[in-house]
Every structure is written in C-alpha cells, then in structure tokens.
Amino acid sequence: MWHNIFKIASKPDNIPIVGMLLLVFFFWFLSFWAAFKNDRIRRAAAGRPRPEGGKSKGDVVDVIDFMYPEEEQGLPKKVSCWPHLVKLEFVCAIAVMALLMFWSIPIDAPLEEPSDSTLTPNPSKAPWYFLGLQDMLVYFDPWIAGVLLPTFIIVGLMVIPYVDVNPKGNGYYTFAERPFAILVYWFGFFVLWVLEIVIGTFCRGPGWMFFWPGQEWDPHRVVAEVNINWNEFLANISGITALKTETAGLLLGIVTILAYFGLGTALPYLWLKRQEAPIIHRLGLIRYGVVGFFFWTMMALPIKIVLRLMFSIKYILVTPWFNI
Amino acid sequence: MLTEQREKIKEIITESQVYKSIFRRGFEDTTKNRVLAIFGNVFLHLHPPYVKRHALKFTHSWCMGGITFLLFLVLCFTGVFLCFYYHPDKINAYRDMKYFEYDVPFGVVLRNMHRWAAHLMVITVWLHMTRVFMTGSYKPPREFNWVVGVLLLVLTLLLSFTGYLLTDDQLGFWAVTVGTNMARATPLLGHEGPFGEQLGVTAYNDIRFALLGGSVVGGNALLRAYVWHCVAMPVTAILFLAVHFWRTRKDGGTAGPL
C-alpha cells in the first residue's frame, strides 16, 4: 500500500510538494501561534499602564508596545539596519544557499525520454503548482477551470486590500481582530489550492480517475458514467418529467445561478443591516458586492465538488454555447 | 609596536583617495556611519536606516521575501550559464540536456540548482504572500505593493511554466501541452471556447496559436518559450521587483506601515 505513495512522492519533481506541505503546516502553526499570542497580550494589556515611548493613545492599544517581554521594555523600539538587519539577511542567504547546494548535489532534476507527440503518457499532468487548476477540470469545463477561475483568482487577490476596510491588524499578527479575512484566506489557500494540488498529485491516476493514496493505479478500471445535469436531477427527485427538456434546463440553470449569487450576497447584507453592523457602512455597496461575488465564486468549487461526489451532478446550466 | 604599525596601515588605507572614493566613510562604529552604510550603498539603500526591533525576529517576517529574491538571483545566475550551452530548437534542445549531464563541467549541479531553486521560489512566493496577509501588511498605505506582489507571483508561475518546456522531454512537453490546451477554451479567443466558433476563431488563429507559434507544441513553441523565459519575463519581473522594493521603502516594509 505504501509502495505507490512512496513511488509518487519520491519522484524528483514531487519532492517540492512534500517540502511545501511541511513548510505550509509549519508556517500555518507559526502564524496562528503568533496571532493567538498577540491576542492574549492585547487582552491582558487592557488594564496595564502603557509603556513609555509607545504609540498607544487613550483606549487604542498598540499591540507592538506590549509585544516585548518585561526586561526588554526599556530598550529602544528601533534599531539600526546596519548591522542588525543586514547581518540577518546575510546569515539567511548562506543558510538557503547551503540548503540548495545539498539538495542539488544528490537529487537530479528529472529528464525523461525525448518528447514524442505520438506517445501520450497516461495520466498527463501539468507542473505540480498548476495541478489544482487541472483538477478543477473535473468539476468545471476548461473555459471556467482553465481561464475564468485563474483570472478571478488573480483579480480576487488584487482587490483584497481595497475591499478589506478593517483598519486593525496592520503590521502584526492577530486573529481576533480579523477572523473573517483570515478564515477566508486560509480556506482558499490551504483547503482549496494546496489540497487540490495534493489530490492532483497523489490521487489522480490514469484517465484522471480518482485513486485513494496507496491504491494501485489500474488503467483498466471501469467507472460507470452516471453524471446527470441539474434539471435532470430535479426532475428525478420531483417526478416532473417536463423539467428534462432543454428549455427547462436552460431556464432552471439561469435561475439557479442568479439565485446563488443574488441570495448569497443579498441575505448576509440584509442580516448585517438588521444587526446594524458598522462594517456594512464602512464597506459600502460596491465593495460589499465585490466581496460577495468573489467569495461565492470561490465557494462554487467546493459546492460543485460536493454536488458531483454526492449527487453525480455534471452541469448546473446547459446552453448550446457553453455549460456551467 | 605592532599595534602602532597596524594603525598606521589602517590609516594609510582609509585615508587614501581610492578607499575614500569607494566607501566614503570611516571604520568607527558610530550612528552616523551606520546610517551612511545604508544610505551610501546602492544595494543596501533600499533598506530604511532603522527598523523596528520586533520585525527582526524570524517569527515575524519568516525571511520569505528576502529568500524569494535570493532565489531569483540564483536563478538569473545559473540561468545565464545554462544559456551558454542551450540551443532552443527541436534538434539540439534535448541533446543539450544530455550534454549537461555528461559533458559540461558541473552541468548536472547547474541544472539541478536551477530547477530546485525554481520550485523553491514558487513555494517561498506563496509563503511570503501568506505572511504578508497574516500580518495585514497589505492594508493602507501598502495596498498597491500587494497588487505588484500578486503580479510578481503570476510572473513567477509563468517563468517556471515556460522553463518546463525547454528540456524538450516527455515531462515538459506534455505538461505544456496540457497547460496550453486550456487556452483553446478561452471565451471569445479560443477555438473551443464559448462563442469562439461564432467569431470565426479556428485552431490556426486563436490565442493558443499565438502562444505556441503553431497549432502544436513544436519548434516554434520551444523558441517562444525560450524567449519568454530568458528575456521577456525576467526583464518584466525585474521591473516589477524594482517597483516592489521601492514601494516597500516608501510605503513601509519590515519597518511597518510608514
């Protein structure tokens, strides 16, 4: 059972993935440890007198003022860059170069047979950092998985600073002050991006079929094609055969997608408005809409995965030109 | 006696016209000299003269931005040497890989280092972005630098991807075939994408054709990947890196928001 996992993981080009997983876990732990520590300090600092020379004013506590242990409180807040920072950069550079040397000497970069356009390997895989996108092809057509969603990922990342109107947590680790932002980022990066890469690398075998880690890759495995579209699924459970027609499929698909984005954005808005949450005033309608659009676009992936795996649903919207 | 001589030699060196013209400052560890060490050096002056003490800790910055830049330099350096031997055509490309393996002095280490540094750089860019997110360092006034950072992330991935084809082996060839097949499905611009057919887009004039210089991954694709990989994208990356560092200095980096 471990043979197959080891065979995949020890491929030279897959070693970075194993390294990445360890690094991501480590830094995930490190950042949350730092965030929770700062949150604790902030809570404890509420009653403490402000350290001298700090930036805290009135009720506004600058957590950085409190981040140093007691015995370092008197020391200056700033140090000269030369030699303190330059020295660290130098040491760090040497360490990375040493690591790279030790990695480069024993482990050779992969080189397979000369390229041959008549000999297609099965499975053919993209470079490992794009395997998340390749795995999305199972759930979305290429124009969405390969073009639209990557574009949305890039644009979505770019708009983050312009839609995150929370002024807190600027320049230090914290969780309590911005839980929503951090949870969304970690869901997108850790769960969707990294997990999809792991699935694409370790669980996708010949024909891009799903194999559990350790299961031998059998290229002759037969998988029954039972996928149905959203309108057929609704027709089956409701018993209304009229829903199976193309027109009904088109209309149902449009209604479902509009309702998904419309209700998904409108309901939290109304709820927050009812709660008189100050965030809604700071965001404004445009920023809120942008957040809602990108958030629900991101969530469409796990939702589609669940729909496919549990109900074998292939498309939500079927048109003569494209399918979603 | 010895100390006296040493002091004298030191004085001769540091007072000489040559030394002064290069370093412009003395040896003494004074505040002024520490600041001058940063200000007077074209490479170091991207640093602020002072940084917050907590920002020096590894647990704060993870050193990821610096490591990423170091890896970029390593890639430029090893890349230049790889370029000395590599021919971007279908006849020679794969042979040159074998040439690296068996003939070029340190060719194996050179190629290994270039490949592993590239993979590592992809990882460190992601971790750098994660760190910047976790410390909220994209918040005002540093919003634009985050945007530049996202562009650099995309460039890193594209640099890595174009380099994948250059070995001209089965691994690179099929990875790039799979990758560029996605371009077929581009809405409006790809011949298999939504509304592509209606606009008269075929396999011979769509966006994939523009990327590959043909309808299959062949010699032209190799040449295009080579030019993107070795010239166009590194130059673009260097331009954005300059902006990234400049804005770090102006809007705040390790020093916190300015």
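Every chain is numbered from 1 and lettered A, B, ... according to where its sequence line falls, protein lines coming before strand lines.
- Contact of B/Met64 with chain A is made through the side chain alone, with heavy-atom distances under 4.5 Å.
- The shortest side-chain heavy-atom distance between B/Arg131 and A/Phe27 does not fall under the 4.5 Å cut-off.
- Heavy-atom distances place no part of A/Leu21 under 4.5 Å from chain B, backbone and side chain included.
- Between B/Trp116 and A/Ile107 there is a side-chain heavy-atom pair separated by less than 4.5 Å.
- Nearest heavy-atom pair, A/Val147 versus B/Pro187, reported as atom, atom and distance to 0.1 Å: CG1-CD, 4.0 Å.
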### Query
Stepwise, does the side-chain contact (heavy atoms from CB on, under 4.5 Å) test hold for B/Val178 with A/Phe130?
CA-CA 10 Å; B/Val178 168; A/Phe130 285 148; over 6 Å; no

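- Contact annotation for B/Gln198: only side-chain heavy atoms (C-beta onward) come within less than 4.5 Å of a heavy atom of chain A.
- The closest donor-acceptor contact from the side chain of A/Glu113 to the backbone of B/Gln170 lies at 3.5 Å or more, if one exists at all.
- When heavy atoms are compared at a cutoff of 4.5 Å, A/Leu88 approaches chain B solely by way of its side chain, counted from C-beta outward.
- Between the CG atom in A/Leu111 and the CD atom in B/Glu101 there is a gap of 6.0 Å [rounded to 0.5 Å].
- Of the atoms belonging to A/Pro12, heavy atoms from both backbone and side chain fall under 4.5 Å from chain B.
- Neither the backbone nor the side chain of A/Asp141 comes within contact range of chain B; no heavy atom of the residue lies under 4.5 Å from a heavy atom of that chain.
- Under the 4.5 Å side-chain criterion, counting only non-hydrogen atoms from C-beta, B/Phe58 is not in contact with A/Cys92.
- Of all heavy-atom pairs spanning B/Phe161 and A/Tyr129, the tightest one is N-OH, 3.4 Å.
- With a threshold of 4.5 angstrom between heavy atoms, B/Phe133 approaches chain A through its backbone and through its side chain.
- Looking at B/Leu110, neither its backbone nor its side chain comes within 4.5 Å of chain A, counting heavy atoms on both sides.
- Of the two parts of B/Leu70, only the side chain, counted from C-beta on, holds a non-hydrogen atom closer than 4.5 Å to a non-hydrogen atom of chain A.
- The contact between A/Leu137 and chain B is made entirely by side chain atoms (from C-beta outward), counting heavy-atom distances below 4.5 Å.
- In this structure, chain B has no heavy atom under 4.5 Å from any part of A/Trp28.
- Of the atoms belonging to B/Leu73, not a single heavy atom falls under 4.5 Å from chain A.
- In this structure, B/Arg111 does not pair ionically with A/Asp108, as no charged nitrogen and carboxylate oxygen lie closer than 4.0 Å.
- Both the backbone and the side chain of A/Ala181 come within less than 4.5 Å of a heavy atom of chain B.
- The two residues A/Leu119 and B/Trp174 come nearest to each other via the heavy atoms O-NE1, 3.2 Å.
- Rounding to the nearest 0.5 Å places CG of B/Asn112 at 10.0 Å from CG of A/Leu100.
- Only the backbone of A/Thr174 comes within contact range of chain B, with at least one heavy atom under 4.5 Å from a heavy atom of that chain.
- Aromatic pair B/His60/A/Tyr172: centroids not less than 6.0 angstrom apart.
- Residues B/His119 and A/Trp128 have side chains that bring a donor and an acceptor to within less than 3.5 angstrom of each other.
- Shortest non-hydrogen contact noted between B/Arg34 and A/Pro83 is CZ-CD, 3.7 Å.
- Contacts between B/Tyr94 and chain A at a heavy-atom distance below 4.5 Å involve the side chain alone, from C-beta outward.
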